[in-house]
Amino acid sequence: MAIKNAYLNDLLERTKKRNANEPEFIQAVTEVFTSLEPVIEKRQDLVDAGVLERIVEPERQIMFRVPWTDDNGKVHVNRGFRVQFNSAIGPYKGGIRLHPSVNLGIIKFLGFEQVFKNSLTTLPMGGGKGGSDFDPKGKSDNEIMNFCQSFMTELCKYIGADCDVPAGDIGTGAREVGFMFGQYKRIRNEWVGVLTGKGLTYGGSLARKEATGFGLCYFTNEMLLANGTSFEGKTVLVSGSGNVAIYACEKATSYGAKVVAMSDSNGYIYDKNGIDLKAIKQIKEVERKRITEYLKYHPEAEYHEGCKGIWTIPCDIALPCATQNEIDGESAKILVKNGCKVVSEGANMPSTPEAIETYLANGLLYGPAKAANAGGVATSGLEMSQNSMRLSWTFEEVDEKLHGIMRSIFKACDDYSKEYGMPGNYMAGANIAGFLKVADAMKAQGNV
Ligand code: NDP
Ligand code: 2IT
């Protein structure tokens with residue numbers, strides 16, 4: 001995926017140099033720039049307004065100390081991050097990732113992706129992302145609460161319902177959002193929709209929990225229908241077994257597909273009879289245990305150590321829903337060799353550049369993350385609307401709006417891929433559609 005345009009190439013080189021120790025951020029920028037070549041040739045005005053130089057530099061990055069005490073009284077210190085990437089079209093919006101691998105480069109890649117994703121949702125939300133290298137695994141509820149309260153004690157100085165609205169991501173679910181929300185409210189003495197993904201008794205939206213996984217399947221279904229096929233009777237792999245993976249599995253199954261494998265960071269299960277999602281929910285949502293426990297419910301299923309092996313199982317459709325770069329070039333080739341025709345991304349940037357090249361070279365239908373997984377943040381946007389209006393919509397109302405948004409995101413990807421001469425390249429369509437709205441807003445607001 002070489003870039004020919006001299007201006008874009010030069011800016012990319014400068015961006016690489018300036019952020020040399022942030023490989024994931026550079027990967028995300030490179031992918032977007034690759035798609036923008038035909039746009040830049042038509043839109044010299046955006047170049048003149050310095051939009052691209054500005055769009056690769058976060059408006060603000062905050063890093064802070066997060067001290068907390070474990071159940072034995074030992075003091076720990078983690079590092080907290082919030083990257084407020086772009087507020088051209090709305091308040092900063094994006095999740096909080098709690099995982100030991102978190103560093104500034106990872107949060108910047110996620111924040112950069114979020115800018116374009118949020119633009120695609122059709123809702124007025126800018127892009128941001130936060131997190132910490134805190135590892136929630138094996139911690140007691142009390143330790144999680146101590147950490148979340150300390151994290152919010154500092155973060156609360158920089159966020160607000162009309163300024164920056166965090167939510168969940170890896171390692172941050174309703175429990176963590178609840179603890180953070182409580183601490184924000186206590187310090188600021190105001191009840192506002194400053195976080196989304198809240199519990200249903202205190203301002204959360206129905207269908208937010210299901211939204212990313214359901215939205216992924218709504219998008220994928222549109223892509224399949226537009227190409228004369230459907231989920232019906234298809235064999236599906238879903239990596240991960242967290243929030244996104246569980247509800248992707250549920251919706252794909254309801255569309256008539258058979259999900260035969262899921263995973264966690266230790267290994268994967270293969271159940272040729274179709275995954276028993278009730279067992280997965282019990283293991284992951286209730287007991288917070290490892291996926292190998294699935295064998296207790298279904299001894300006839302297989303468990304294999306390691307995450308990569310899941311991509312060696314023959315399938316029609318792969319839905320990566322765990323983490324970045326989980327499908328590399330080698331895994332992509334194996335998927336293709338085994339007959340996989342569709343890859344649609346629930347996780348953020350789960351495919352390496354080599355994997356994406358393999359999909360495109362082999363004519364796979366490829367649903368890029370910033371479009372395919374936008375249903376989560378879109379429903380967060382709907383939660384913000386409900387909080388502002390001081391009312392709650394029914395599950396059906398929210399789900400119907402989510403479905404409509406995912407349809408319109410697919411249409412934007414399809415329309416823009418055609419308009420810019422790359423029909424069927426939904427990655428290019430998503431990058432261009434997401435970019436243009438933000439870029440025009442940035443130009444209109446002057447050099448800020
Ligand atoms: P969860 O924490 O609920 O689940 C994450 C899942 O991915 C777990 O099964 C976890 O396994 C696995 N996983 C995480 N890190 C790794 C790793 N380094 N290697 C292998 N497996 C890993 O997170 P979500 O389901 O919310 O997020 C999954 C993906 O979807 C992320 O990329 C996230 O950014 C993206 N996303 C999330 C949205 C949301 O609304 N939550 C919205 C849009 C995108 P284990 O438990 O063993 O760590
Ligand atoms: O990557 C994502 O879009 C999310 N983690 C959801 C963000 C949000 O604000 O709901």
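In listed order, ligands and their atoms are each counted from 1. Starting from 1, each residue takes its place in the sequence as its number.
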Return the option from [options] holding the heavy atom at the smallest distance from [atom].
atom: atom 28 (C) of ligand 1; options: Gly171, Gly242, Ala322; value: Ala322
atom: atom 27 (O) of ligand 1; options: Ile170, Asp135, Asn373; value: Ile170
atom: atom 21 (N) of ligand 1; options: Ala372, Ala374, Ser265, Ala211; value: Ser265
atom: atom 3 (O) of ligand 1; options: Thr323, Ile246, Asn243; value: Asn243
atom: atom 36 (N) of ligand 1; options: Leu98, Thr172, Asn348, Val377; value: Asn348

Closer than 4.0 angstrom, basic N to acidic O: yes or no for Arg208 and Glu383?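 Not counted as a salt bridge, because no side-chain N and carboxylate O are separated by less than 4.0 Å.
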Pair Asp415 + Lys411: basic N to acidic O under 4.0 Å: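 The answer is yes: the pair qualifies as a salt bridge.
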Taking 4.0 angstrom as the limit and counting only heavy atoms of [X], give me the atoms of ligand 1 inside it, by number and element.
X: Lys137; answer: 45 (P), 46 (O), 47 (O), 48 (O)
X: Gly240; answer: 9 (O)
X: His99; answer: 15 (N)
X: Arg97; answer: 31 (C), 32 (O), 33 (C), 34 (O)
X: Cys321; answer: 28 (C), 29 (C)
X: Cys307; answer: 20 (C)
X: Gly346; answer: 30 (O), 35 (C), 36 (N), 44 (C)
X: Ala347; answer: 29 (C), 30 (O), 32 (O), 35 (C)

Going by distance alone, is a donor N or O of one side chain under 3.5 Å from an acceptor N or O of the other, for Asp399 and Tyr218?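 Yes, side-chain donor-acceptor contact under 3.5 Å.
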Does either side chain, that of Ser132 or that of Asn78, offer a donor lying less than 3.5 Å from an acceptor on the other one?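 Distance-only check fails for Ser132 and Asn78.
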I need the contact type for [X] against ligand 1. Using non-hydrogen atoms and a strict under-4.0 Å cut-off, is it side chain, backbone, both or neither?
X: Gln324; answer: neither
X: Glu210; answer: neither
X: Asp264; answer: both

Parallel, tilted or perpendicular: ring planes of [X] versus [Y], cut at 30 and 60 degrees:
X: Phe395; Y: Phe214; result: perpendicular
X: Tyr255; Y: Phe231; result: parallel
X: Phe112; Y: Phe25; result: perpendicular

Of the protein's non-hydrogen atoms, which lies at the shortest distance from atom 24 (P) of ligand 1, and what is that distance?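 Ranking protein heavy atoms by distance from atom 24 (P) of ligand 1, first comes Val244 CG2, 3.8 Å.
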Does the side chain of Phe435 come within less than 4.5 Å of Ser35's, by heavy atoms?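 They are not in side-chain contact.
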If we check salt bridge (charged side-chain N to carboxylate O under 4.0 Å, His left out) with Glu287, which of these qualifies: Lys289, Arg290, Lys284?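 With Glu287 as partner, Lys289, Arg290, Lys284 yield a single salt bridge (charged side-chain N to carboxylate O under 4.0 Å, His left out), made by Lys289.
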Kindly print each ligand 2 N/O atom paired with any protein N/O atom under 3.5 angstrom away, one pair per line, or none if nothing qualifies.
| unit_1 | atom_1 | unit_2 | atom_2 | d |
| --- | --- | --- | --- | --- |
| ligand 2 | 1 (O) | Gln114 | OE1 | 3.4 |
| ligand 2 | 1 (O) | Lys117 | NZ | 2.9 |
| ligand 2 | 1 (O) | Lys129 | NZ | 3.0 |
| ligand 2 | 1 (O) | Asn348 | ND2 | 3.0 |
| ligand 2 | 3 (O) | Gln114 | NE2 | 2.9 |
| ligand 2 | 3 (O) | Lys117 | NZ | 2.7 |
| ligand 2 | 5 (N) | Lys129 | NZ | 3.3 |
| ligand 2 | 5 (N) | Gly168 | O | 3.0 |
| ligand 2 | 5 (N) | Asp169 | OD1 | 2.9 |
| ligand 2 | 9 (O) | Lys93 | NZ | 2.6 |
| ligand 2 | 10 (O) | Arg208 | NH2 | 3.0 |
| ligand 2 | 10 (O) | Ser380 | OG | 2.5 |

Under the 6.0 Å and 45° cation-pi test, does Lys139 pair with Phe134?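 Ring-cation test returns yes.
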